[in-house]
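The structure appears below as structure tokens.
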Amino acid sequence: MAGPQAQPVGHSVNPPYRFETTATAAECHNHHGDIESGTETGQTVSVAGRIMLRRVQGRLAFATLQDATGRIQLFAPGKITPDYDEFCALSLGDWVGVSGEVMKTRAGELSVKVERWDLLAEARRSFPDKWHGLSDPDIRFRQRYVDLWVTEEARQTFRLRSEMMSLTRRWLENRDFVEVETPVFHPVPGGALARPFSTHHNALDMDLFLRIAPELYLKRLVVGGLERVYEIARVFRNEGISTRHNPEFTMLELYWAYADYGDIMELVEEMVAHLALELKGTTLIRYGGRDLDLTPPWPRARFVDLLAEHSGLEVDLDTPVAELRSHCVDREIPVEDRWGPGKLLLELYEKTTEAELWGPVFVCDYPKEVSPLAREHRDHPGWVERFEAIVAGRELANAFSELTDPDEQRARFEDQAANRDAGDAEAMAVDWDYLRALEFGLPPTGGLGVGMDRLAMLLADVPSIRDVILFPTLRPEPPERQVD
RNA sequence: GCCCCUCUAGCUCAAUUUGGCAGAGCAACGGACUCUUAAUCCGCAGGUUCUGGGUUCAAGUCCCAGGGGGGGUACCA
């Protein structure tokens, strides 16, 4: 496994089992950053990390140590540092633990004087160029362990993602939402329109699917009396990969009893604004060089109105299907015979309107035909109370006033099952147990799904979902590359 | 799935418009140097140019097939 680059370093081959640190690089700077050049603090610390740079000048050596919090210089005079020659022989990337006095060099660089040191691990493979770092995206994704050391932006992005998750949980807990964990293995894939991954349980001799959404389980929990419930769920969809899609991704779903989709809109805009304030200090952010104002309230617009505005088409659910179909054909949108007016309207919207939106905007009220889990609109028959939040030109959240009536839900499922039989691989199957749960009574409920990876992209201002997923899905490396 | 781009030393990159001995910086290795900041200086070594075919006196370069990656598009809440 060592590979052709492996070189014995010539000292300790048996690193200690533990090393006690008393300070981080950041703490050194915070506590002692303002001392005079050429002075010593009289305070001894133990720090640990990787050697990122090294400057040996005869009987005096300098090195730059990087830990999780930042960088601190090591100051190693030959008269003081034990095993001085071996210290000078450290490779870039080696892990060391160092103890010594905090001081500042004549040139004004805060440093730890190397009075004791231990080699904690060797870097037997060469680290990337100390100045240019890594630019090959293949290596950055496959060898994230290297990327994180050499690419400061990568460290910042993943730290931001972690803080975003933590802030989200706290924000929801403060509103009495309860976090739960529901099954990843689903006997019936449901809760979204998507192709699932399938697997098999040997002992039960049962086919199972990796979840495409936690929705139906979370609503079962509302039936069970968890009136405010959420899950930060890894979900799996057997679909394409792009800058906005990874086969496994993280979705926040929440369900709020006694609320409707209007309440959910307020929740979304407040939560996103809160995260922006905490992480960026402002709700006026930039994404991809464009301004984006996340300050609540966000504009609300109806689906049909936006469609009319961007396509120039005055169409609705009562427009004859033949006419809708010809509008699609005019725009080179492929259509299928079984599609009703709702699906045709959705296709027209996605091809003419969605790409034009920058947002933030709540696009409200979708066709019932394409929303099998949402409740019919109180004022507009044939439509449902559903919205998508479009932010920075992409869908960030999807929500609705939940369908609670078991008979209506059964009819919607059967409609989906018919589509499935007709060859629609993304259509839902009938989930009998979910219907049974609804028959025990689901109160009026508002539900929400948020793509957390996309939210992290937005707040970190990065262009690809791979930039916010530590180990994005990639093809396996070809065998000839696995040797080295 | 389709289209375009890309792949050269551990890393970052060169290699005349129009084929002509595969190079540099950093890292590594050897040496000099007691205040450096990508330290500097001297020396040394480092290659299946992604893989396999083909054209040619000659291929990193041109052609064909395959592989990895990126982008777009399609699919996709």
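Every value quoted in this text rests on a predicted model; they were computed, and no experiment measured them. Here is how names work: the chains are called A, B, and so on, in the same order as the sequence lines, proteins then strands, and each is numbered from 1.
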>> Nearest 0.5 angstrom please: A:Ile80 CD1 to A:Phe75 CZ, how far?
In response: 7.0 Å
> Is the closest basic N to carboxylate O distance between A:Glu336 and A:Arg338 below 4.0 Å?
Replying inline: yes
> Can A:Lys368 and A:Glu385 be counted as an ion pair, charged N to O under 4.0 angstrom?
Replying inline: no
> Given the rule in the side chain to side chain donor-acceptor pair (under 3.5 Å) test, do A:Tyr366 and A:Asn398 qualify, once you have shown the distances and angles that lead to the verdict?
Replying inline: CA-CA 11 Å; A:Tyr366 282 68; A:Asn398 182 29; over 6 Å; no
> Going through the checks in order, is the side chain to side chain contact (heavy atoms under 4.5 Å, CB included) test met by A:Trp298 and A:Val391?
Replying inline: CA-CA 10 Å; A:Trp298 299 353; A:Val391 183; 4.0 Å; yes
> So, is A:Arg475 near the phosphate of B:rG68, with a side-chain N or O under 4.0 Å from OP1 or OP2?
Replying inline: yes
> Looking at the side chain of A:Glu109, which of B:rC35, B:rC11, B:rU37 is the nearest nucleotide?
Replying inline: B:rU37
> When rounded to the nearest 0.5 angstrom, what distance separates CE in A:Met271 from CD1 in A:Ile264?
Replying inline: 10.0 Å
>> Please compare A:Phe400 and A:Leu60 by the position of their nearest nucleotide in RNA chain B and report the one closer to 5'.
In response: A:Leu60
>> So, OP1 or OP2 of B:rU12: does either fall under 4.0 Å of a side-chain N or O from A:Ser135?
In response: yes
> When the nearest nucleotide of RNA chain B is assigned to A:Ser111 and to A:Arg195 on a heavy-atom basis, which residue is associated with the more 5' position?
Replying inline: A:Ser111
> Phosphate oxygens OP1/OP2 of B:rG70: is one of them under 4.0 Å from a side-chain N or O of A:Arg466?
Replying inline: yes
> Are OP1 or OP2 of B:rU37 and a side-chain N or O of A:Thr105 less than 4.0 angstrom apart?
Replying inline: no
>> We want to know whether A:Glu101 and A:Thr44 form a side-chain donor-acceptor pair, criterion being a heavy-atom distance below 3.5 angstrom.
In response: no
I'd like a list of close polar pairs between nucleotides 38-40 of chain B and the protein, N/O only, cut-off under 3.5 Å.
residue	atom	partner	partner atom	Å
B:rA38	O3'	A:Lys130	NZ	3.4
B:rA38	N6	A:Trp131	NE1	3.4
B:rA39	OP1	A:Lys130	NZ	2.5
B:rA39	OP2	A:Arg55	NH1	3.0
B:rA39	N6	A:Val56	O	3.0
B:rA39	N1	A:Gln57	OE1	3.2

>> Just to be sure I understand: a Watson-Crick pair is purine N1 to pyrimidine N3 plus N6-O4 or O6-N4, both under 3.5 Å. Using that and G-U wobbles, which stems of three or more pairs involve RNA chain B?
In response: B:1-7 with B:67-73, B:10-13 with B:23-26, B:29-32 with B:40-43, B:50-54 with B:62-66
> Do A:Glu402 and A:Thr445 meet the criterion of a side-chain donor-acceptor pair at a distance under 3.5 Å?
Replying inline: no
> Among B:rU12, B:rA27, B:rC35, which nucleotide sits nearest the side chain of A:Leu92?
Replying inline: B:rA27
> Between A:Arg142 and A:Asp138, does at least one N-O distance fall below 4.0 Å, as a salt bridge requires?
Replying inline: yes
>> What is the separation between atom CE on A:Met52 and atom C1' on B:rA27, rounded to the nearest whole Å?
In response: 12 Å
>> Between the base of B:rU36 and the side chain of A:Gln73, is there a donor and acceptor pair under 3.5 angstrom?
In response: yes
